[in-house]
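Reading through the structure tokens given below for one structure.
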Amino acid sequence: MVSVTTEYISVGGNRHSAAADWDVQSGILAFGADNNIALWDPRDTSHHGVYSLLSGHADKVTAVRFHRCPSTGTSVLLTGSVDRTIRLWRSDPDNARRFTHACTLEGHEGSINTIAVADGTDIFASGAADGTVKVWRLTLRESSAGEPLKTISMKPRFFPLALSLKRLQTSEDDQSMLLAVAGTTNVVQIYVADNLLVDADFRLGAALTGHEGWVRSLSFTIDRRSKTHDLLLASASQDKYTRLWRVQRGGVAPIALADEDPMLGGMEPTLSNKAHEFEAAGSKYSITFEALLFGNEDWIYTVAWNPDSQRTQLLTASADNTLTIWEPDPVSGVWFSTERMGEMSVQKGSTSATGSTGGFWIGLWSPDGKQVVCLGRTGSWRAWKYDEHAEIWVQALGISGHVRSVNDIQWDVNGGYLLSTSSDQTTRLHAEWLRDGLQSWHEFSRPQIHGYDLNCIDTLGSSRFVSGADEKLLRIFNQPKPIARLLEKLSGFRGSTEDLPDTAEIPVLGLSNKPIGEGVPLEEGGVGSSTTGQPQTTQSALFDLNHPPLEDHLARYTLWPEHEKLYGHGYEISAVAVSHDRTLIATACKASSIDHAVIRLYDTSDWHEIKPSLVAHSLTITSLCFSGDDHYLLSVGRDRQWAVFERNEQDLSSFSLFTSNPKGHSRMILGAAWAPMSEIPVFATAGRDKSVKIWKMEEDTFTCKSTASFKTSVTAISFLPTRQKGSFILATGEDSGEISIYQVENDSLELRNIAVVDKFISPSKTVTQLSWRPASSTEPDGVSDKEKQDGLSFELAVASEDISTRIYAIQNMHL
């Protein structure tokens with residue numbers, strides 16, 4: 001039985017302040033990743049990162065909350081999405097790390113913005129872009145469900161962006177509850193329910209004024225310092241301030257200072273001491289303004305109270321790139337910031353290569369209150385742990401990933417690392433971290449941070465790659481010495497460091513990664529030149545690392561210098577392929593006429609274009625690939641045809657059309673791949689017509705020998721680079737995200753399905769690219785004795801539109 005396991009999932013988090021939560025019970029952190037929910041254990045000492053993606057939502061996930069049902073003790077995960085639904089996921093009784101979909105709740109007519117749960121109850125609330133808040137009751141029986149109890153329309157109308165639920169008293173007899181609501185208004189509304197056992201008749205109890213911008217986050221806690229266990233409500237706003245409000249039992253004697261102040265001229269002061277009174281379950285309560293926390297320079301996205309009941313601490317995450325911990329002075333009670341993590345950005349609006357990454361969107365405490373994490377604009381999670389001996393917060397290893405569709409992936413020629421490129425305008429390098437018998441995958445470098453969506457990539461040896469984007473040219477990049485040394489130190493990957501550049505920078509208003517010392521003089525303010533001796537700074541910052549780079553390093557110090565640009569195309573680059581001897585680059589661009597649907601060849605010795613261009617197609621070429629011996633070049637396109645070009649044996653830089661098939665598929669062809677070297681050339685094509693075809697050379701053309709049908713369009717295919725026992729191994733990826741492994745018999749070329757990747761670990765959107773990891777230890781047409789006993793074992797990298805980059809370990813592949 002073929003075993004397929006997930007070795008690595010790289011995925012970025014959604015930039016929504018409610019789209020993540022850290023479970024107190026299991027220690028699992030769940031966050032929205034496009035239309036999926038990623039599960040990660042930040043306290044895992046093996047650093048395996050995201051271990052699972054839950055798929056089911058039809059659109060981006062915007063709200064995530066864990067909840068423990070008091071009646072059953074079951075841990076559930078509530079997720080809201082732009083698709084207007086709330087999904088309920090139940091934890092597996094035997095494995096708390098696994099969640100399965102239980103039910104879907106519908107009712108909202110707009111995107112779900114936020115979800116709040118009330119500890120110790122089965123009540124939760126959801127706020128949406130339809131201008132309403134809905135209150136639900138969880139019923140976890142044989143069939144999990146949520147019962148709608150109340151719909152509250154926001155008056156005056158606004159969109160709720162933040163909710164917080166809290167019981168007024170901890171006694172079982174008192175079932176009264178507070179619901180704080182805020183959003184696209186500067187007022188925090190407090191709703192009161194008297195008895196949730198009878199009904200959920202929430203009514204407006206108070207409207208808290210004072211903020212001067214939209215309120216993005218709300219959080220209740222019990223004030224352990226007060227003898228009466230008052231409630232504290234924190235509200236964070238776009239006005240750069242966090243406000244604290246005290247909810248206490250009984251009335252408050254009015255203090256008439258503000259009204260008598262002649263300097264205010266009758267206007268309501270910003271720091272109002274007005275007491276807001278309301279009744280709940282026959283008792284009187286009051287809400288008063290407690291404190292104003294200031295010091296942030298930009299919007300505050302989230303507030304969170306430390307779950308450790310012994311510490312009264314508040315965590316705020318801000319767009320000024322800081323994560324701040326606030327706590328009251330034990331003597332005076334004055335609130336002040338005790339710790340600031342991150343970086344205060346002085347270069348507002350500058351390129352993300354400088355570290356000005358658009359701020360921190362989410363800040364969360366660990367269940368024990370000794371670790372904090374935050375999500376930045378680049379989709380990466382940063383982490384800090386509290387060192388009790390040194391009494392300082394120390395940055396720890398986080399996780400990272402693309403935040404938009406991953407469009408192409410490519411292994412290094414030796415399989416040492418994997419390159420991925422994406423519509424989020426970055427190229428990322430993934431490699432294994434090997435230490436003390438452990439191994440885990442991480443992002444080791446961010447070679448390219450661009451101004452255009454990136455579409456395709458290929459390697460030019462171990463220390464160079466070429467990429468194409470939504471611009472008319474291609475760019476060549478060289479690996480800098482610090483990255484080569486880091487890969488050798490942590491991954492055991494040895495590449496030549498001779499003639500490698502030191503490091504790179506992005507000049508202000510520039511798109512090219514310049515080697516330090518070239519282009520912009522230091523005094524002119526190149527981004528990387530803000531510090532004297534930048535090459536030394538970069539090399540020392542990376543050389544001293546005994547772990548993969550942190551997000552700070554990735555964004556600042558791991559760029560690859562640009563070596564060359566390739567011009568010639570008139571539209572966005574759609575495909576690129578490098579010959580196996582690394583002497584030629586073949587490229588194509590988007591096209592709607594035969595004039596632009598050409599293949600351009602470039603000589604890597606001096607980067608000149610080899611003319612004339614190769615002509616065969618009339619629409620966009622979707623894929624290019626060279627045969628194993630570089631004698632043929634295969635192209636497929638949206639015009640439903642494939643074409644094979646033959647290399648001139650006298651002039652190795654010259655190709656000419658060998659044969660083409662204008663009706664290769666009945667719909668556009670999306671993928672192509674050459675089979676490993678054999679006596680007679682064989683290639684495969686995949687199309688929108690839901691089929692894969694195997695073609696074999698016969699005389700002066702290629703003939704279709706077999707066809708396999710699929711449920712959806714086949715968008716990516718890849719042959720294992722070596723034959724196994726006389727057979728070819730072909731991986732296929734579909735529009736639905738399904739991935740299959742086929743055995744192609746060497747003689748008949750018939751396709752036999754030998755494995756299908758389980759849908760629970762498959763991508764949830766279109767597979768854009770597949771790539772087998774080169775295995776130098778595997779001999780062509782032969783395997784070792786141990787492999788014969790254990791079955792073949794290989795690794796397959798997968799890129800998808802669901803923003804994930806995955807690596808599967810495929811074992812026990814008995815042929």
Side-chain angles (χ1 to χ4, degrees), residues 11 13-14 16 18-21 23 26 28 30-39 52-69 71-72 74-93 95-118 121-152 159-161 163 165 200 712 736-738 758-766 801-804:
V11 66
N14 292 340
H16 290 267
D21 197 18
D23 187 22
S26 64
I28 302 301
F31 63 92
D34 195 52
N35 62 324
N36 301 318
I37 302 99
L39 302 179
S52 180
L53 288 179
L54 306 178
S55 60
H57 281 292
D59 212 327
K60 188 166 288 188
V61 174
T62 51
V64 175
R65 281 293 174 270
F66 281 102
H67 185 51
R68 193 168 186 85
C69 185
S71 57
T72 62
T74 306
S75 182
V76 297
L77 179 61
L78 298 162
T79 59
S81 166
V82 178
D83 66 11
R84 306 179 181 183
T85 67
I86 299 170
R87 283 182 170 248
L88 192 152
W89 312 78
R90 298 183 69 156
S91 64
D92 191 321
N95 184 357
R97 291 165 58 91
R98 293 189 61 180
F99 287 82
T100 53
H101 178 241
C103 67
T104 302
L105 308 180
E106 299 179 351
H108 279 294
E109 296 179 0
S111 168
I112 310 295
N113 292 329
T114 179
I115 294 174
V117 298
T121 74
D122 54 5
I123 301 296
F124 74 94
S126 58
D130 57 7
T132 67
V133 170
K134 289 185 179 290
V135 181
W136 310 76
R137 188 188 303 277
L138 281 174
T139 53
L140 293 178
R141 299 186 183 90
E142 293 78 14
S143 58
S144 301
E147 174 192 353
L149 300 179
K150 174 81 172 180
T151 299
I152 307 170
F159 294 160
L161 300 176
L163 298 175
L165 270 172
T712 58
S736 62
E738 186 168 302
D758 193 303
K759 68 175 183 178
F760 293 110
I761 61 173
S762 298
S764 60
K765 289 186 179 178
T766 302
E801 287 183 4
D802 72 356
I803 75 173
S804 71

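Side-chain atoms are counted along with the backbone in the values below, which use heavy atoms only and exclude waters and symmetry mates. All residue numbers in this chain count up from 1 along the given sequence.
- Tested against L54 for a side chain to side chain contact (heavy atoms under 4.5 Å, CB included), the candidates N36, L77, V61 yield a single pass: L77.
- Taking the side-chain contact (heavy atoms from CB on, under 4.5 Å) definition, one finds that D122 meets it with R137, L138, sequence neighbours left out.
- For the 3.5 Å distance criterion, the side chains of K134 and S126 fail to qualify, holding no donor opposite an acceptor.
- Judged by distance alone, with hydrogens and angles left aside, the side-chain atoms of T132 form no donor-acceptor pair with the main-chain N or O of I152 at under 3.5 Å.
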Full working for side-chain contact (heavy atoms from CB on, under 4.5 Å) between V76 and F66: CA-CA 6 Å; V76 297; F66 281 102; over 6 Å; no
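- S762 pairs by the side-chain hydrogen bond (donor to acceptor under 3.5 Å, both in side chains) definition with nothing, not counting sequence neighbours.
- Side-chain atoms of W89 and T100 include no donor-acceptor pair closer than 3.5 Å.
- In terms of the salt bridge (charged side-chain N to carboxylate O under 4.0 Å, His left out) criterion, residue partners of D802 (sequence neighbours excluded) are, by chain and number, R806.
- Side chain of N14 to backbone of H16: no donor-acceptor contact under 3.5 angstrom is found.
- The closest donor-acceptor contact from the side chain of H101 to the backbone of C103 lies under 3.5 Å.
- N35 meets the side-chain hydrogen bond (donor to acceptor under 3.5 Å, both in side chains) test with S764; sequence neighbours excluded.
- One finds no salt bridge joining D59 and R84 here, because no Lys/Arg side-chain nitrogen approaches an Asp/Glu carboxylate oxygen to under 4.0 Å.
- Taking CG from D92 and CZ from F99, the interatomic distance works out to 9.5 Å, rounded to the nearest 0.5 Å.
- The shortest non-hydrogen separation linking A129 to N113 is N-ND2, 3.6 Å.
- At a cut-off of 3.5 Å, with distance as the only test, no side-chain donor of H108 or S111 sits close to an acceptor on the other residue.
- For F159, there are no ring-ring contact (aromatic ring centres under 6.0 Å, His included) partners, not counting sequence neighbours.
- In this structure, CZ in R68 is found 14.0 Å from OG1 in T121, a value given to the nearest 0.5 Å.
- By the side-chain hydrogen bond (donor to acceptor under 3.5 Å, both in side chains) test, S52 pairs with no residue at all, sequence neighbours left out.
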